There are 2 protein chains.
Amino acid sequence: MINVIVDAMGGDNAPDAIIDGCIEALQKQDDFMVTLVGISEIIKEKLSKKVYDKDRIEIVNATEIITGEDTPTKAIRNKKDSSMVVGLKLLKEKKGDAFLSAGNTGALMTGSLLVAGRMKGIDRPSMPALVPTEKGMCLIIDAGMNTVCKPLNYLQFGIMGSIYMKLLFKLDTPKVGLVNVGSEDGKGNDTLKQAFGLMSESTVNFVGNIEGNDITSGDVDVAVCDGYVGNVALKLYEGVGSFFLKELKKIFTSNILTKICYLLLKPFFKDFRDRFDPDELAGAPVLGINGLVIKSHGSSKAKTIRTAILKRTIPLIKNGIVDEIKDQFKNMEVKPSEDDID
Amino acid sequence: MINVIVDAMGGDNAPDAIIDGCIEALQKQDDFMVTLVGISEIIKEKLSKKVYDKDRIEIVNATEIITGEDTPTKAIRNKKDSSMVVGLKLLKEKKGDAFLSAGNTGALMTGSLLVAGRMKGIDRPSMPALVPTEKGMCLIIDAGMNTVCKPLNYLQFGIMGSIYMKLLFKLDTPKVGLVNVGSEDGKGNDTLKQAFGLMSESTVNFVGNIEGNDITSGDVDVAVCDGYVGNVALKLYEGVGSFFLKELKKIFTSNILTKICYLLLKPFFKDFRDRFDPDELAGAPVLGINGLVIKSHGSSKAKTIRTAILKRTIPLIKNGIVDEIKDQFKNMEVKPSEDDID
């Protein structure tokens with residue numbers, strides 16, 4: 001049976017939201033089990049108040065917790081008995097099919113490299129992020145794991161991103177664009193020009209240079225960039241969204257008439273709201289390591305964890321994403337970069 | 001009298017929109033004149049149908065036109081008698097107080113460097129862009145002129161951006177943030193860490209690292225980044241805006257009831273729309289060169305040109321932005337980077 005290893009202690013609302021999310025997921029679908037990693041006393045106490053199938057939850061004790069304030073590398077090296085490190089070790093030892101955590105992002109990226117390990121042929125693993133577009137979803141890769149990139153990294157992000165989008169959304173040949181300062185060929189600095197060259201000659205469905213607005217237009221499925229650009233883009237997207245929603249709220253609460261309009265329009269906003277629901281977008285993988293690691297955002301609620309398990313983790317396990325990436329990269333000869341994480 | 005040199009042939013709607021915009025601006029304010037640079041026959045023919053104060057428009061003939069398709073460096077080097085090159089030369093010879101163009105952005109940046117010349121003490125001149133925030137405006141600097149930056153460049157962008165925001169919006173001490181992959185100290189790659197160090201020790205009102213969403217929150221007045229990040233941020237901002245407006249339109253046109261709601265809400269959207277009016281945001285300077293060069297966007301209409309003249313160019317001339325920057329940098333010893341423009 002599929003076994004999802006879950007960091008019970010990671011995230012702002014841990015362990016309650018994590019445990020509740022797991023139980024909700026188990027109730028909705030019956031072909032998997034969960035291994036909860038964390039302080040077993042606490043987990044057991046929480047579970048004792050819940051109704052769930054006892055055969056489908058295992059607990060593995062881990063006495064330490066990596067918090068949001070911990071420095072990633074130090075935390076992974078020093079907190080050997082943390083839920084995150086223990087969970088990653090279980091993944092490495094193939095005692096589960098994936099590791100899901102809502103804990104410290106930097107620590108999870110570092111731990112994925114140091115504990116699970118980089119896949120053969122991969123220069124730099126990457127954590128991408130999905131954003132809604134006019135036509136569906138676009139994957140921004142890298143979204144913050146690698147702030148300095150070589151041309152080869154862009155190519156590898158493009159390949160891994162294509163596989164991810166192909167498997168997750170059943171796309172035949174995901175369209176891949178290189179995020180640049182202009183859409184014409186020959187744009188950007190030397191690194192981007194070389195990345196363009198590599199991607200043009202590769203097997204990915206490369207559509208060329210794209211600009212920031214092409215991320216939202218939906219004309220590409222994968223937007224390749226370095227993690228500095230990707231992270232700023234992702235956060236700015238959230239910022240613009242939040243800004244617009246506040247302005248809309250101001251308009252709708254102007255007077256009694258606008259409030260009535262809001263009530264009338266509300267049902268039509270549902271689809272719009274759903275597409276931007278961070279809980280629905282939850283669950284970003286670390287691609288290019290030996291095993292499937294999924295990050296759920298720090299403020300994950302039970303619903304987020306449930307979605308991250310059912311809509312990301314399990315489909316990706318079933319689709320065999322790790323083997324598919326391994327297969328693509330097994331013949332790629334690279335001299336790996338250092339394991340520094342920004 | 002203040003003299004604004006205007007590229008009559010630059011932009012998608014040139015020369016009509018440019019000439020009309022100048023005339024509109026002249027009618028609204030009487031303390032300046034305009035020098036129109038371009039094919040004088042065409043300009044004269046267009047002007048012959050207009051009502052305007054003949055003492056306040058001069059024409060300087062330039063027989064060539066740099067188009068949007070021209071390669072920047074080639075265009076500046078080969079089209080010596082283009083309206084852009086001739087206009088920049090007039091600026092250099094101090095025959096006017098500023099040069100305004102809606103033409104090829106890359107060519108204008110290159111021309112600003114090659115014709116007007118870099119200011120003493122400036123390593124890389126920069127073109128910033130204003131974006132609306134929850135509290136007003138934020139300046140993204142650099143917005144695409146320099147896609148690879150040294151730590152010193154970030155510092156200089158911060159200083160120039162501060163001066164620009166101080167003069168344009170009468171801010172005492174504009175808040176300057178370094179766009180990074182996290183808001184904690186010590187984030188980012190080596191370049192960003194060094195830039196952080198330089199900015200911390202500088203005279204700018206440095207608030208530290210900021211993330212993409214801090215650009216829209218309005219907590220900083222100046223967001224410093226390299227031109228790759230800045231350009232992607234700017235375009236993505238436009239993309240998200242356009243996406244949201246399309247979704248809103250879909251909602252409002254769902255049925256007769258939602259359409260009525262729209263009519264009722266319309267007046268309340270005015271302020272919102274105005275804040276995002278690209279014509280109101282028009283006019284980005286090239287900072288750090290010998291003279292005031294202002295870029296208006298390629299699709300500028302008459303209103304855009306009028307706004308760029310009255311709300312950007314003339315205030316910046318009156319505030320003496322070029323001298324203020326010169327003053328700040330005159331004692332800075334730098335070995336200038338090469339003049340390559342990405």
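All chains are named by letter (A, B, ...) in the order of the sequence lines, taking the proteins before the strands, and each is independently numbered beginning at 1. These figures come from a predicted structure and were not determined experimentally.
Residue A:D214: no heavy atom, backbone or side chain, is found under 4.5 Å from chain B. Using a 4.5 Å cut-off between heavy atoms, A:T133 contacts chain B through its backbone alone, with no side-chain atom that close. Residue A:L192 touches chain B through its side chain alone, counting heavy-atom pairs closer than 4.5 Å. Heavy atoms of B:K193 lying under 4.5 Å from chain A are absent altogether. Of the two parts of B:I210, neither the backbone nor the side chain holds a non-hydrogen atom closer than 4.5 Å to a non-hydrogen atom of chain A. Both the backbone and the side chain of A:T258 come within less than 4.5 Å of a heavy atom of chain B. Heavy-atom distances place both the backbone and the side chain of A:N213 under 4.5 Å from chain B.
Per-residue counts of heavy-atom pairs under 4.5 Å with chain B were compared for A:G239, A:C225, A:G212; the largest is that of A:G212. Chain B forms the most heavy-atom pairs under 4.5 Å with one residue out of A:L248, A:D271, A:V229, and that residue is A:V229. Options A:N255, A:L265, A:I215 differ in how many heavy-atom pairs under 4.5 Å they form with chain B, and the most are formed by A:L265. Ranked by heavy-atom pairs under 4.5 Å with chain A, the list B:N180, B:I260, B:V240 is led by B:V240. Among the candidates B:V232, B:T191, B:L264, B:D226, the residue making the largest number of heavy-atom pairs closer than 4.5 Å to chain A is B:V232.
Screening A:K150, A:R118, A:Q156 for a side chain to side chain donor-acceptor pair (under 3.5 Å) involving A:D123 leaves a single residue, A:K150.
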Pair B:K235, B:E238 - check salt bridge (charged side-chain N to carboxylate O under 4.0 Å, His left out), show working. CA-CA 5 Å; B:K235 299 280 173 64; B:E238 291 169 9; over 6 Å; no

List the steps, then state whether ring-ring contact (aromatic ring centres under 6.0 Å, His included) holds for B:F243 with A:F276. CA-CA 12 Å; B:F243 176 21; A:F276 292 90; 5.6 Å; yes

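Between A:Y262 and A:F252, the two ring planes are tilted [angle within 30° to 60°]. In this structure, B:F206 and B:F196 have perpendicular ring planes: the angle between them is above 60°, well past the 30° mark. The aromatic rings of A:F157 and A:Y154 sit tilted relative to each other, their planes meeting at an angle between 30° and 60°.
Side chain of A:N104 to backbone of A:T67: a donor-acceptor contact under 3.5 angstrom is found. With hydrogens and angles ignored, the 3.5 Å screen pairs no side-chain donor or acceptor of A:N146 with any backbone N or O of A:C149.
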